[in-house]
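Each remark here refers to the structure printed beneath this line.
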Amino acid sequence: MSDFAGVRMLSFDCYGTLIDWETGIVGALRPWAERAGLAVGDGELLAAHARHETAVQQEMPAAPYPEVLAETMRRIGADLGGDVAPADAAWYGASVGEWPAFPDAGPALRALQARFELAILSNVDRASFTRSFARLGVAFDVVVTAEDVGSYKPDPANFAHLFAAVAARGVPRQGLLHVAESLYHDHEPAARLGLPSVWIHRRAGREGTGATAPPTGDVQPRWEFPSMAEFAAAALASDPDE
């Protein structure tokens with residue numbers, strides 16, 4: 001594949017790539033941390049989320065995402081030394097729809113839609129994604145959620161469901177390109193499955209992996225861009241028939 005020639009469909013991770021989940025996570029956890037009297041920075045809250053969400057998703061693969069978030073918050077509280085009331089956990093579980101979209105996400109998706117079919121492969125439930133979908137303002141051709149599959153990325157079953165949905169639309173496997181921020185959830189499993197990927201490196205220039213678990217090894221996505229806007233510009237500038 002030279003540039004983006006031959007690509008017919010783009011599959012996207014949603015949270016961290018299109019939706020600014022780190023702002024959303026901090027916005028949901030910060031009031032609780034202050035009420036609990038915890039002197040923790042935003043980076044510590046994000047790192048605690050990453051540690052515990054990953055474990056909960058592995059232990060409770062069939063649980064809806066709001067339940068995963070609620071249990072994640074209970075474990076964050078135990079980890080950081082703050083009491084988590086049932087209302088706190090329930091609020092965190094329902095907070096997904098309040099997480100903002102990155103400003104460049106909607107415009108980039110609308111531009112890309114003129115040339116590519118668009119898909120979502122997300123670690124979320126359908127109801128939560130519906131609320132985020134309203135913030136993006138784009139109709140996707142394929143949507144695959146963790147709720148549909150009964151597991152969470154990086155489980156290969158989630159990608160298998162994506163491949164089946166793409167094939168059902170008549171798009172060949174070699175015509176699919178995956179676009180995501182998380183090396184752990186998306187780029188590592190994509191590499192193992194031979195799926196080329198684009199890294200939207202939202203945390204470029206910052207230390208750590210934020211709300212996302214670190215990759216388990218060395219993974220090198222085929223392309224890297226710091227924003228959806230720059231990726232869209234490059235993809236649309238390439239020759240589709242090259």
Side-chain angles (χ1 to χ4, degrees), residues 9-19 21 24-25 28 49-76 86 89-99 117-136 138-171 173 176-195 197 209 211-217 219:
M9 179 177 285
L10 302 171
S11 56
F12 292 91
D13 167 62
C14 186
Y15 300 93
T17 306
L18 307 176
I19 295 293
W21 78 326
I25 287 167
H49 173 96
R51 286 194 302 274
H52 296 295
E53 184 194 59
T54 300
V56 173
Q57 287 176 339
Q58 292 171 346
E59 295 168 20
M60 303 165 53
Y65 193 55
E67 293 182 15
V68 168
L69 283 181
E71 177 60 19
T72 296
M73 186 170 186
R74 286 189 283 269
R75 297 188 187 191
I76 290 172
W91 162 250
Y92 197 47
S95 68
V96 176
E98 305 302 318
W99 298 352
E117 292 189 64
L118 306 181
I120 285 286
L121 179 64
S122 182
N123 273 359
V124 75
D125 60 296
R126 283 273 175 167
S128 295
F129 176 72
T130 297
R131 296 173 67 197
S132 297
F133 166 80
R135 294 180 178 274
L136 296 171
V138 176
F140 292 90
D141 300 290
V142 169
V143 175
V144 177
T145 70
E147 181 180 24
D148 301 325
V149 184
S151 62
Y152 288 87
K153 296 180 294 181
D155 194 309
N158 297 66
F159 287 86
H161 274 67
L162 172 66
F163 296 151
V166 169
R169 291 190 64 85
V171 177
R173 172 78 174 269
L176 177 65
L177 178 64
H178 193 55
V179 184
E181 192 279 332
S182 176
L183 296 174
Y184 171 78
H185 295 100
D186 291 272
H187 294 289
E188 282 193 320
R192 287 192 291 268
L193 295 166
L195 174 62
S197 64
T209 57
T212 304
T216 60
V219 59

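Hydrogens, waters and symmetry mates are skipped; everything else that's a heavy atom, side chains included, is used. Heads up: numbering here begins at 1 and tracks the sequence. Everything numeric here is computed off the predicted structure, so don't read it as measured data.
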Only counting residues at least two apart or in another chain, list the ones meeting ring pair (Phe, Tyr, Trp, His ring centres under 6.0 Å) with Phe12.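 Once residues adjacent in sequence are excluded, Phe12 has no partner under the ring pair (Phe, Tyr, Trp, His ring centres under 6.0 Å) criterion.
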Partners of Phe159 by ring pair (Phe, Tyr, Trp, His ring centres under 6.0 Å), sequence neighbours excluded?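 His178.
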Give, for atom [atom1] of [X] and atom [atom2] of [Y], the distance between the pair rounded to the nearest 0.5 Å.
{"X": "Leu177", "Y": "Met9", "atom1": "CG", "atom2": "CE", "value": "12.0 Å"}
{"X": "Cys14", "Y": "Phe140", "atom1": "SG", "atom2": "CZ", "value": "6.5 Å"}
{"X": "Leu195", "Y": "Phe163", "atom1": "CG", "atom2": "CZ", "value": "4.5 Å"}
{"X": "Leu162", "Y": "Leu193", "atom1": "CG", "atom2": "CG", "value": "10.0 Å"}

Scan residues 176-190 for pairs that pass salt bridge (Lys or Arg N to Asp or Glu O under 4.0 Å), counting only residues two or more places apart or in two chains.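 Every salt bridge (Lys or Arg N to Asp or Glu O under 4.0 Å) pair that includes a residue of residues 176-190, provided the two are not neighbours, is Lys153-Asp186.
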With no hydrogens and no angle check, just 3.5 Å: does a side-chain donor-acceptor pair link His185 and Tyr15?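 Tyr15 and His185 do not have a side-chain donor-acceptor pair below 3.5 Å.
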Residues Trp99 and Ser95: side-chain donor-acceptor under 3.5 angstrom: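 Looking only at side-chain atoms, Ser95 and Trp99 do form a donor-acceptor pair, the distance falling under 3.5 Å.
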Identify the heavy atoms of [X] and [Y] that sit nearest to each other, and give their distance.
{"X": "Ala63", "Y": "Glu67", "result": "CB-OE1, 4.0 Å"}
{"X": "Tyr152", "Y": "Pro64", "result": "OH-C, 3.5 Å"}
{"X": "Thr209", "Y": "Pro214", "result": "OG1-N, 3.8 Å"}
{"X": "Leu18", "Y": "Asp13", "result": "CG-O, 3.7 Å"}
{"X": "Ala180", "Y": "His187", "result": "O-NE2, 2.9 Å"}
{"X": "Asp148", "Y": "Thr145", "result": "OD2-N, 2.8 Å"}

Within a strict 4.5 Å, meaning less than it, do heavy atoms of the Trp21 and Val96 side chains meet?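 They are not in side-chain contact.
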Given the rule in the side-chain contact (heavy atoms from CB on, under 4.5 Å) test, do Leu69 and Glu53 qualify, once you have shown the distances and angles that lead to the verdict? CA-CA 7 Å; Leu69 283 181; Glu53 184 194 59; 4.1 Å; yes
side-chain contact (heavy atoms from CB on, under 4.5 Å) between Val142 and Ser11, intermediate numbers included: CA-CA 8 Å; Val142 169; Ser11 56; over 6 Å; no
Assess the residue pair Phe133 and Arg126 against the criterion (side-chain contact (heavy atoms from CB on, under 4.5 Å)); give the C-alpha distance rounded to whole Å, side-chain angles, the decisive distance to 0.1 Å, and a yes or no. CA-CA 10 Å; Phe133 166 80; Arg126 283 273 175 167; over 6 Å; no
Between the side chain of Arg135 and the main-chain N/O of Gly97, is any donor-acceptor distance below 3.5 Å?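 At least one qualifying donor-acceptor pair exists.
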Donor-acceptor under 3.5 Å (Asp141 side chain, Ala119 main chain):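 No.
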Sequence neighbours excluded, which residues qualify as side-chain contact (heavy atoms from CB on, under 4.5 Å) partners of Arg131?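 In terms of side-chain contact (heavy atoms from CB on, under 4.5 Å), with neighbours along the sequence ignored, Arg131 is linked to Glu98.
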Can you list everything that forms a side-chain contact (heavy atoms from CB on, under 4.5 Å) with Thr54? Sequence neighbours excluded, please.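 If we apply the side-chain contact (heavy atoms from CB on, under 4.5 Å) test to Thr54, skipping adjacent residues, the hits are Gln58, Tyr184, Ala213.
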Suppose the criterion is side chain to side chain donor-acceptor pair (under 3.5 Å): which pairs have a residue in residues 155-171, not counting sequence neighbours?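 Applying side chain to side chain donor-acceptor pair (under 3.5 Å) to every pair that reaches into residues 155-171, excluding sequence neighbours, yields Glu117-Arg169, Ser151-Asn158.
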Start with the C-alpha gap between Asn123 and Gln57, add the side-chain angles, then the distance that decides, and say whether side-chain contact (heavy atoms from CB on, under 4.5 Å) holds. CA-CA 9 Å; Asn123 273 359; Gln57 287 176 339; 3.9 Å; yes
